Amino acid sequence: MDLQIKGKKALITGSTKGIGFAAAYTLAQEGCAVILNGRKQEDLDKAVKKIKEEVKAAEVSGVAADITTMAGMEKLTAQVSEVDILVNSLGIFEPKDFEDIPDEDWRRLFEVNVMTGIKTARNYLPAMKKKKWGRIVFVASESAVNIPPDMLHYGMTKTAEVALSRGLAETTANTNVTVNSVLPGPTRTEGLVVFFEQLAKNAGMGLEECIEDFFKNGRPSSLIQRLIEPMEIASLIAYLCSPLAVATNGAAIRCDGGLIRTVL
């Protein structure tokens with residue numbers, strides 16, 4: 001299927017690895033001029049190189065900047081003044097009991113997971129509205145609905161992203177701009193694999209055995225009973241960035257492997 005986004009300029013934050021990288025890769029395959037973003041120049045160079053090597057004629061560049069800081073955000077916007085597509089994929093998580101989460105951690109996760117999306121949208125949404133075309137996608141999580149008791153601060157930020165996405169969409173009436181969020185389930189990202197490796201080590205289990213046990217006992221409502229692959233999330237993101245998805249605005253789209261049981 002031709003998603004009709006060839007030549008569109010797309011910025012993907014947190015895109016050197018995981019879902020962000022998969023989104024950048026997929027958008028490059030669709031012919032977008034893709035801009036990656038990450039904190040470390042080395043990781044950024046590797047990600048850009050991989051896409052250039054594997055996607056024929058890909059137009060790919062990168063901006064190494066820590067956009068959780070004012071200086072980093074200023075660097076990004078100085079080098080990338082306008083975009084057609086913005087995918088806010090930057091995010092972090094950590095398992096921690098509520099009683100053990102200090103104020104600093106609440107602020108840190110909110111700053112990374114929510115404020116970066118607020119700042120990038122504030123920078124790029126006005127121009128999208130002015131030219132009557134644009135797409136913004138927030139990579140939230142099924143944890144926005146199923147708040148994990150061992151990661152309350154993470155779940156809170158993901159719920160905030162969904163609320164932010166919906167609120168921004170309300171400002172786009174009659175502009176041909178859409179703002180949506182996607183809600184992935186547990187996905188085979190580098191960070192989650194490290195998390196499972198530690199769980200497996202503590203339990204004296206193999207990695208895949210640990211993952212299988214996690215779904216059987218920890219996430220039994222998952223209909224696929226496995227980790228989602230980043231490219232499976234990226235396919236949905238790419239569709240939402242296309243003109244084909246113009247009627248989808250202000251939505252929170254699940255790509256959770258059927259984990260969430262509620263109908264609506």
Side-chain angles (χ1 to χ4, degrees), residues 12-26 29 36 38-40 42-47 49-51 53-55 87 89-101 105 108-109 112-113 139-159 161 182-238 253-262:
I12 305 92
T13 67
S15 48
T16 59
K17 298 177 182 178
I19 293 173
F21 175 78
Y25 192 104
T26 303
Q29 287 181 313
L36 281 70
R39 291 183 299 117
K40 299 178 180 179
E42 181 181 0
D43 291 343
L44 190 67
D45 291 342
K46 287 180 181 178
K49 181 181 179 182
K50 183 175 177 63
I51 295 176
E53 288 178 346
E54 297 184 9
V55 181
V87 179
S89 181
L90 179 61
I92 57 174
F93 75 96
E94 61 177 2
K96 191 172 288 188
D97 291 335
F98 172 71
E99 294 81 1
D100 297 328
I101 306 173
D105 285 3
R108 177 169 55 88
L109 264 70
V112 175
N113 294 355
V139 180
S141 168
E142 55 85 18
S143 292
V145 179
N146 290 330
I147 307 295
D150 58 342
M151 292 194 294
L152 283 176
H153 51 340
Y154 173 74
M156 176 274 296
T157 64
K158 293 300 163 178
T159 305
E161 280 187 283
V182 295
L183 279 61
T187 304
R188 194 181 291 273
T189 62
E190 290 84 348
L192 193 60
V193 168
V194 169
F195 170 72
F196 275 117
E197 285 175 342
Q198 187 60 52
L199 281 182
K201 181 179 179 180
N202 293 341
M205 304 167 69
L207 175 60
E208 293 305 321
E209 181 187 6
C210 181
I211 292 172
E212 183 178 343
D213 180 74
F214 169 78
F215 281 101
K216 181 179 179 180
N217 297 302
R219 297 293 187 276
S221 63
S222 169
L223 300 181
I224 62 173
Q225 285 291 297
R226 64 167 174 84
L227 291 177
I228 301 166
E229 297 301 325
M231 293 300 288
E232 294 171 336
I233 309 299
S235 297
L236 176 58
I237 293 172
I253 309 297
R254 300 174 186 174
C255 40
D256 63 335
L259 194 153
I260 300 173
R261 278 184 165 146
T262 56

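Here the structure is a predicted model, which is why all the values come from computation and not from measurement.
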Exercise. Measure the spacing between CG of Asp150 and CG of Asp97 and express it to the nearest 0.5 Å.
Key: 7.0 Å
Quiz item: Does any non-hydrogen side-chain atom of Met156 lie less than 4.5 Å from one of Leu152?
Solution: no
Quiz item: Hey, are the side chains of Leu227 and Leu192 touching, using non-hydrogen atoms and a 4.5 Å cut-off?
Solution: yes
Quiz item: Does atom CD of Glu212 have more than 12 heavy-atom neighbours, drawn from other residues, nucleotides or ligands, at distances under 6.0 Å?
Solution: no
Self-check item: Distance, nearest 0.5 Å, that separates CG of Leu207 from CD of Gln198
Solution: 12.0 Å
Quiz item: Can you name the one residue among Val139, Val87, Leu90 that meets side-chain contact (heavy atoms from CB on, under 4.5 Å) with Thr13?
Solution: Leu90
Quiz item: Can you name the closest pair of heavy atoms from Ala47 and Phe21 and give their distance?
Solution: O-CE1, 3.6 Å
Quiz item: How about Ser89 and Ser15: do any of their side-chain heavy atoms sit closer than 4.5 Å?
Solution: no
Quiz item: Of all heavy-atom pairs between Gly206 and Ala200, which one has the smallest distance, and what is that distance?
Solution: O-CB, 3.8 Å
Quiz item: Would you say Ile147 and Pro149 make side-chain contact, with heavy atoms under 4.5 Å?
Solution: no
Quiz item: Yes or no on side chain to side chain contact (heavy atoms under 4.5 Å, CB included) for Leu183 and Asp256, after CA distance, side-chain angles and deciding distance?
Solution: CA-CA 6 Å; Leu183 279 61; Asp256 63 335; 5.7 Å; no
Quiz item: Could Glu208 and Arg188 be called an ion pair, given the rule that one side-chain N must be under 4.0 Å from one carboxylate O?
Solution: yes
Quiz item: Measuring from Glu190:CD to Asp43:CG, what's the distance to the nearest 0.5 Å?
Solution: 9.5 Å
Self-check item: Student check: side-chain heavy atoms of Phe215 and Pro186 closer than 4.5 Å
Solution: yes
Practice problem: Looking only at non-hydrogen atoms, find the nearest pair between Thr159 and Ser143 and report the distance. | Solution: OG1-O, 4.5 Å
Self-check item: Validation row: Val55, Tyr25 side chains within 4.5 angstrom (heavy atoms)
Solution: yes
Practice problem: I would like to know whether Thr262 and Arg254 meet side chain to side chain contact (heavy atoms under 4.5 Å, CB included); could you show each step before the answer? | Solution: CA-CA 11 Å; Thr262 56; Arg254 300 174 186 174; 3.1 Å; yes
Quiz item: Measuring from Lys17:NZ to Leu44:CG, what's the distance to the nearest 0.5 Å?
Solution: 12.0 Å
Self-check item: Pair Lys50 + Glu54: basic N to acidic O under 4.0 Å
Solution: yes
Quiz prompt | salt bridge (Lys or Arg N to Asp or Glu O under 4.0 Å) evaluation trace for Lys46 with Glu42 | solution = CA-CA 6 Å; Lys46 287 180 181 178; Glu42 181 181 0; 3.6 Å; yes
Quiz prompt | Glu142 and Val145: CA distance, side-chain angles, deciding distance, side chain to side chain contact (heavy atoms under 4.5 Å, CB included) verdict | solution = CA-CA 6 Å; Glu142 55 85 18; Val145 179; 5.9 Å; no
Quiz item: Do other residues, nucleotides or ligands put more than 12 heavy atoms under 6.0 Å from Lys96 NZ?
Solution: yes
Quiz item: Does one side chain, of Thr157 or Arg108, offer a donor that lies under 3.5 Å from an acceptor on the other?
Solution: no
Exercise. Identify the two heavy atoms, one from Ile12 and one from Ala23, that lie closest to each other, and give their separation to 0.1 Å.
Key: CG2-CB, 4.4 Å
Quiz prompt | Test salt bridge (Lys or Arg N to Asp or Glu O under 4.0 Å) applied to Glu232 and Arg226, step by step | solution = CA-CA 13 Å; Glu232 294 171 336; Arg226 64 167 174 84; 3.1 Å; yes
Practice problem: Mind checking the CG-CG spacing from Asn146 to Leu259? Nearest 0.5 Å is all I need. | Solution: 6.0 Å
Quiz item: Which atom pair, heavy atoms only, marks the closest approach of Cys255 to Val182?
Solution: SG-CB, 4.1 Å
Quiz item: Which atom names give the shortest non-hydrogen contact between Gly185 and Ile228, and what distance separates them?
Solution: N-CD1, 3.6 Å
Quiz item: So do the side chains of Asp213 and Leu199 get within less than 4.5 Å of each other, counting heavy atoms only?
Solution: no
Practice problem: Test side chain to side chain contact (heavy atoms under 4.5 Å, CB included) on Ser141 and Tyr154 and set out the steps. | Solution: CA-CA 9 Å; Ser141 168; Tyr154 173 74; 3.5 Å; yes
Self-check item: Any side-chain heavy-atom pair of Arg219 and Phe214 under 4.5 Å
Solution: yes
Exercise. Output yes when Glu161 and Lys158 qualify as a salt bridge under the 4.0 Å nitrogen-oxygen rule, no when they do not.
Key: yes
Quiz item: Could you state the interatomic distance from CG (Asp105) to NE2 (His153), rounded to the nearest 0.5 Å?
Solution: 5.5 Å
